[in-house]
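Read the structure below first, then the notes.
Just so you know, ligand 1 is whichever comes first in the structure, and atom 1 is the first atom listed for that ligand.
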Amino acid sequence: MQAGPIGIFDSGYGGLTVLKEITATLPQYDYVYLGDNARAPYGTRSFETIYHYTLECVEQLFDKGCPLIILACNTASARALRTIQQKNLPLIDPDKRVLGIIRPTAEVVGNYTQTNHVGVVGTSGTIASESYVIEIEKMFPEVNVFQEACPMWVPLVENNEMNNAGADFFVKQHIDNLLNQSSSIDTILLGCTHYPLLIDSIRKHTPSNVKLLSQGKIVADSLAEYLQSHVNMEQHLTKGGSRKFYTTDNPENFDEHGTLFYGAPLHSEHIELKTSI
Ligand code: DGL
């Protein structure tokens, strides 16, 4: 296996919130980011569509020389990761790795709650998969998980409409629905990488004693641990400190809007996917 950069994938901009934390924790590596903005949002699409879209993007990142790819998207992690790991990866290259962000998040979420009542907000795809319920149960059987799908939140973020009355309306609606399931919820996991951009509005509609948990730092720490314990993979990662950005849509838009998520200026290129469904 040739050495190369770490690939980071998301349906659109959300994964940039994860890349931001990963590059802060592990700045020495080279990174290639791919956002499938042309086909975002994924969250309301069928299982098959999410799997096919994600696989196409994973193949593109492998073509860019990435030995390791992180699906910085809960929807893709919930709907596509396992099939890609079990069915596609052995045929593409068994030495390469594709990792998701649900397991590492589930591994720590129970440490934040005192009441053992945790809320999870996510896309319809992530919530319907019950991935968080299943994974948190494995790690913290004493924790009760309450879920709420928020199908409007990603479109609001993708369209840069986070800070207006419309966004507030849909944020309040879903936070109320979640908290109505249990008055003991003391921790809400933002189980979608787009949601940190809505945090001001979410905070406004959530009691101050309820913790809001974003995934970026959790995923970054988990990747650092993974690389420490997988020396063979670590040795196949190039360390030039470079960041490359690709989008399946318009690069000018990506550069402008992506900066909000990444917290720093970025320069992207358009990438053409090989096939389209
Ligand atoms: N950012 C993705 C996630 O974490 C979802 C975005 C989408 O619906 O495309 O689930």
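If you check each of E158, H194, R39, R45 against atom 1 (N) of ligand 1, the one with the closest non-hydrogen atom is H194. Taking only non-hydrogen atoms, the option from D36, N74, T17 nearest to atom 4 (O) of ligand 1 is N74.
Close placement of the H117 and F146 rings is indicated, their centers lying within 6.0 Å of each other. For an aromatic pair to be called close, the ring centres must be under 6.0 Å apart, and Y195 with W153 satisfies this.
Looking at K244 and E269, a side-chain N of the basic residue comes within less than 4.0 Å of a carboxylate O on the acidic one, giving a salt bridge.
In this structure, T247 contributes its side chain and N250 its backbone to no donor-acceptor pair below 3.5 Å.
Counting the atoms of ligand 1 from 1 in the order shown, those under 4.0 Å from a heavy atom of T123 are 5 (C), 8 (O), 10 (O). Residue contact check: Y42 has heavy atoms under 4.0 Å from atoms 7 (C), 8 (O), 9 (O) of ligand 1. Taking every heavy atom of D10 and a limit of under 4.0 angstrom, the matching atoms of ligand 1 come to 1 (N), 2 (C). Interface atoms of ligand 1 facing G43, defined by a heavy-atom separation under 4.0 Å, are 7 (C), 8 (O), 9 (O).
With a 6.0 Å cutoff to the six-membered ring centre and a 45° limit on the axis angle, R39 counts as a cation-pi contact of Y53. Cation-pi geometry between K64 and Y246 is met: the NZ or CZ atom falls under 6.0 Å from the ring centre, inside 45° of the normal.
Residue-level proximity to ligand 1 for S11 is carried by the side chain, the only part with a heavy atom below 4.0 angstrom.
T75 OG1, 3.5 Å is the protein heavy atom nearest to atom 5 (C) of ligand 1. At the top of the distance list for atom 2 (C) of ligand 1, counting protein heavy atoms only, stands C73 SG, 3.3 Å.
Side-chain atoms of D36 and Y42 form a donor-acceptor pair, as typed in the model, at a separation below 3.5 Å.
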